[in-house]
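Heavy atoms only: backbone and side chains are in, while hydrogens, waters and symmetry mates are out.
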Amino acid sequence: MELKKENLNNFYSCIEYPGIVKNVDKALETLGGTSEISKVCSKTNRRLELRFRPNDVFCKPACGDRYKTNGIILKIKVVKRKSENGEEIGLIKNCEILGRVTTSFKFKSICDFQFLPMMKMPDGCLEDISESLLPKRVDGDHLRQWLGSPASYFLPPAAFSRIDSQSLNTYMFRRDTKDKNDQATGSLIGRTRKRRSGHAVFVSFNIPKVPTKPREKAIKFLEVKFLNGQQLEIIKKCFEERPIWSKLALMCVTSFQHDQLKYLLPVVAYYFVTGPFRVMWVRFGYDPRKDPNSRIYQTLDYRIRAPAGLLSLVKAKRSDANYLLPSKSTHTVAKSVVITKDVEAIEQSGVVDGRIKKDSYIYQPNCLPPARQMFYQYCDIKVAEIEAMLGRLPKVVNNAVCDLKHGWLPSGFDNQCRDIINIYVTKQLNKAALAVGSSSLIKEEAGADDSTDNEDHWEEEFDEEEVDESDEA
């Protein structure tokens, strides 16, 4: 018998269905159909949902996780013959390889609680109320009549349980203990555990004195994650060259991932929650409120303002429309594998996690921001007009105080910078719209003010020879 191997380049996905399949079409219907299965297989972080009542919109699915596997699909032809004793003997006539199985979906998680759309009647019987909750038809006057008719009170949550996997530390089997320092009293409905900050130091702008050293637990965490060697030296060198960084800038410069910076940053810097340096990491012992030269490291909160058609050309950081329940998606990389990261391999690539480019933290006139809202630092904005504005700023007087909103910059300086950036962004949006054949163009003018007060704009006048317009698109 000869084994044919010409189909080894055909790849398949395997679904280990948690039941005995007697009708393939009905089994596919419980999985959402072939289109939904193809959609899940094309995305690396999606889970396959199985609904045992596919026609019930209130049915909570059982989720199948993706596993990497290495198998083959064989097509075997068996010829059955009877022996002299009358017993059937199977003889393999032909064996053919149809393809390789590289991905399998296994349903090992616990299914969520099911709550049927039923209501108890006065006689004690249960009645199905799904017809009053969902319209049968939406054409003509049927939808209007359904909206005007009374409905039963039935509002189940999107998910009853936060966790669908069993472990010794699962919250559903653990009794929460009261925090020692928590003096809160009263209702505890909706109470969850305290926020895990990774033992980082978060400070407000009005803190009397900035932190000078990290917490001991942060150093211990670094030792546990085996990040106290080359990675820590790289981060320390970055903060020696520049005292204030954003996490995105460090991810681009060092090629470290989020799981690594989560433990590295609390050892070398503290985090500003409010003020002109908010969402930035500052080196321990350095107080930007006392150094006027730190104004180039201040935060500029820029948000793209454009019509919906053009705004869709730029990806949003978070969107309610794209929100997925925690049970529908899974992490592409386990959180506990930080110590196995190949830092040298990541540094050689120009992309982190397949999404972040090396210059994502820098704004340049010939490109669009990577997200609709970006927290830039003024030193990372490579626009000729803004660079000239920073160079022409007057020296800060000795008795000047760092302002809570504007820091060391004049009032209205940030608004004028947003207007300048918005002009360049509008040009790039119009170019992108023309490239995709869209007619939704916007005028190249200053954007709306992002500030919360009615302050006057800070105007800066330029000489013609000081502004380089060669980068204009």
Side-chain angles (χ1 to χ4, degrees), residues 15-43 45-66 105-167 170-176 187-192 318-330:
I15 300 176
E16 297 186 7
Y17 196 86
I20 300 176
V21 179
K22 295 183 178 180
N23 190 317
V24 178
D25 294 334
K26 290 185 177 180
L28 291 176
E29 185 181 359
T30 60
L31 296 172
T34 55
S35 60
E36 181 65 20
I37 295 174
S38 301
K39 183 179 178 181
V40 172
C41 292
S42 62
K43 297 183 179 180
N45 65 334
R46 289 295 297 272
R47 308 174 78 186
L48 185 62
E49 296 184 355
L50 187 149
R51 300 179 186 272
F52 294 100
R53 305 187 309 278
N55 296 326
D56 185 5
V57 296
F58 300 103
C59 176
K60 304 298 180 182
C63 297
D65 295 305
R66 180 193 302 263
F105 291 90
K106 302 179 182 180
F107 294 85
K108 295 183 177 181
S109 302
I110 304 174
C111 188
D112 198 4
F113 298 98
Q114 306 292 324
F115 198 84
L116 300 177
M118 309 286 287
M119 180 171 286
K120 193 172 184 179
M121 297 292 106
D123 57 356
C125 299
L126 294 176
E127 182 180 348
D128 184 9
I129 59 173
S130 57
E131 293 184 358
S132 63
L133 300 175
L134 299 172
K136 292 183 178 180
R137 299 174 58 182
V138 294
D139 57 333
D141 296 335
H142 295 87
L143 181 61
R144 188 180 298 105
Q145 294 177 0
W146 176 79
L147 292 174
S149 60
S152 304
Y153 183 75
F154 186 78
L155 296 173
F160 287 98
S161 178
R162 294 176 55 227
I163 300 171
D164 59 1
S165 59
Q166 288 181 331
S167 65
T170 303
Y171 290 106
M172 64 180 69
F173 303 125
R174 189 184 75 180
R175 178 179 296 177
D176 292 331
S187 177
L188 297 179
I189 296 178
R191 175 83 177 272
T192 57
R318 302 173 184 87
S319 175
D320 294 337
N322 298 329
Y323 174 75
L324 288 177
L325 291 172
S327 61
K328 290 179 181 267
S329 61
T330 181

>> Quick check: closest heavy atoms across Ile129 and Met118, and the distance to 0.1 Å?
In response: CG1-N, 4.1 Å
> For Asp128 and Pro117, which heavy atoms make the closest approach, and how far apart are they?
Replying inline: OD1-O, 3.2 Å
> Looking only at heavy atoms, which two atoms of Val40 and Arg66 are closest? And how far apart?
Replying inline: O-NH2, 2.7 Å
>> I'd like to check the ring pair (Phe, Tyr, Trp, His ring centres under 6.0 Å) partners of Phe160; sequence neighbours left out, ordered by chain and number.
In response: none
>> Within the supplied structure, the quantity of interest is the number of heavy atoms (other residues, nucleotides, ligands) at a distance under 6.0 Å from Ile20 CD1; does it exceed 12?
In response: no
> Could you state the interatomic distance from OH (Tyr17) to CG (Leu31), rounded to the nearest 0.5 Å?
Replying inline: 6.0 Å
> For the atom pair SG (Cys59) and CZ (Phe52), what is the distance rounded to the nearest 0.5 Å?
Replying inline: 8.0 Å
>> Looking at every heavy atom in both Leu116 and Phe154, which two are closest together, and how far apart are they?
In response: O-CE1, 3.5 Å
>> Working to the nearest 0.5 angstrom, can you tell me the gap between Asp65 CG and Ser109 OG?
In response: 4.5 Å
> How far apart are the closest heavy atoms of Leu134 and Trp146, and which atoms are they?
Replying inline: C-NE1, 3.6 Å
> Taking atom OG of Ser152 and atom CD of Glu127, what is their separation to the nearest 0.5 Å?
Replying inline: 8.0 Å
> Within the side chain of Gln114, is there an N or O that forms a donor-acceptor pair under 3.5 Å with the backbone of Asp112?
Replying inline: yes
> Which pair of non-hydrogen atoms, one from Gly64 and one from Phe105, has the smallest distance, and what is that distance?
Replying inline: O-CD2, 3.9 Å
> Under the 3.5 angstrom rule, does the side chain of Lys60 hit a backbone N or O of Ala158 as a donor-acceptor pair?
Replying inline: yes
> Going from CD on Glu36 to SG on Cys41, what distance comes out if it is rounded to the nearest 0.5 angstrom?
Replying inline: 10.0 Å
